[in-house]
Amino acid sequence: MHASLLREVDRNGGIAVTTLMRSAVNLVAPTSELAELARAAQPTLDGAPAEAVLEWAADTFGPRFCVTSSMADGVLAHLASRVAPGVDIVFLDTGLHFPQTLRVRDQVEATMPVRVLSIQPVQTVGQQDGQYGPRLFNRDPDACCALRKVEPLERALADYDAWAAGVRRGETAARANLREVDFDAGRGKVKVSPLARWSDADVAAYIERYDVPVNELLNQGYGSIGCWPCTRKVKPGEDPRAGRWAAFDKTECGLHV
Ligand code: SF4
């Protein structure tokens, strides 16, 4: 069994048979083929509707496609559930999330036809404190993110060929040129960003139209939601992501670079 399966927590109880089968027969495609698939799809899918991007990914990769969600809201999970019912939704359960974030995850799981996988770090927060000292996030957030987000994502993606993320062009300068379909060379996977060109208004309209779960903190002065030690409220006029790692010159957790 692949090591990643040992850490997956299937909240419906137990490790799903499909995941075991996928691991057993090793269906993950060579990276050269995946790079070519992404390159060939780009001209058609640049600027395409989110549903079309998700449909392409689901049709092309089937169960080897998953969607990631930070559970700031359930928009991407909801879109994916409409296009590909039963799709895997990967949530990185760092052990340091706000309760409101876990509530969105539970609402997504309870109300949408998806399979939510909460992927946990190798170490509990207490074990990490024991090895690296308490509050690593205050001293070396890059190291903390590497342990609690980046490694778990890479482990989770091991059995997939393609993944979707909810990142958008307007969020950070580094995301300004996001394409709907790209090749994630660092991980050897196809990465799709169906919301790449969505504005805040597009997101709000989708939430309203489908009554999608939203993290309550977004209505309480938070502009972007991450782990509680690294997220603060933003002041009026501040960039929505100014509340992330506010004490550091850090704008990305390492998942999307
Ligand atoms: Fe650690 Fe903060 Fe990164 Fe969460 S966001 S993994 S607490 S450094």
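In this text the structure is predicted, and so the values were computed from the model without any measurement. Numbers for residues simply follow the sequence, beginning at 1. Every number for a ligand or one of its atoms is a count from 1 in the order of the listing.
Among the atoms of Cys230, no N, O or S atom falls under 2.8 Å of atom 1 (Fe) of ligand 1. With a cut-off of 2.8 Å, atom 3 (Fe) of ligand 1 has no N, O or S atom of Cys144 in range.
The two residues Leu54 and Ala80 make their nearest non-hydrogen contact at CD1-N, 3.9 Å.
Electrostatic pairing of Arg232 and Glu238 counts as a salt bridge here, judged by a charged N lying under 4.0 Å from a carboxylate O.
No part of Thr94 comes within 4.0 Å of ligand 1, judged by heavy-atom distances.
Atom 3 (Fe) of ligand 1 has Cys145 SG, 2.3 Å as its closest protein atom, hydrogens excluded (heavy atom only). Protein heavy atom nearest atom 4 (Fe) of ligand 1, with residue, atom name and distance: Cys227 SG, 2.3 Å.
Here is the list of ligand 1 atoms found below 4.0 Å of a heavy atom in Leu96: 7 (S). If you number the atoms of ligand 1 from 1 as listed, the ones under 4.0 Å from a heavy atom of Phe137 come out as 1 (Fe), 2 (Fe), 7 (S), 8 (S). Against a heavy-atom cut-off of under 4.0 Å, Arg148 is close to the following atoms of ligand 1: 6 (S).
A perpendicular orientation is assigned to the rings of Tyr222 and Phe98, their planes being inclined by more than 60° (bins at 30° and 60°). Below 30°, between 30° and 60°, or above 60°: for Tyr206 and His78 the angle between ring planes is above 60°, a perpendicular geometry.
Summarising the geometry, atom CG belonging to Leu117 is positioned 12.0 Å from atom CZ belonging to Phe91; distances are rounded to the nearest 0.5 Å.
Leu76 places none of its side-chain heavy atoms less than 4.5 Å from the side chain of Ser69.
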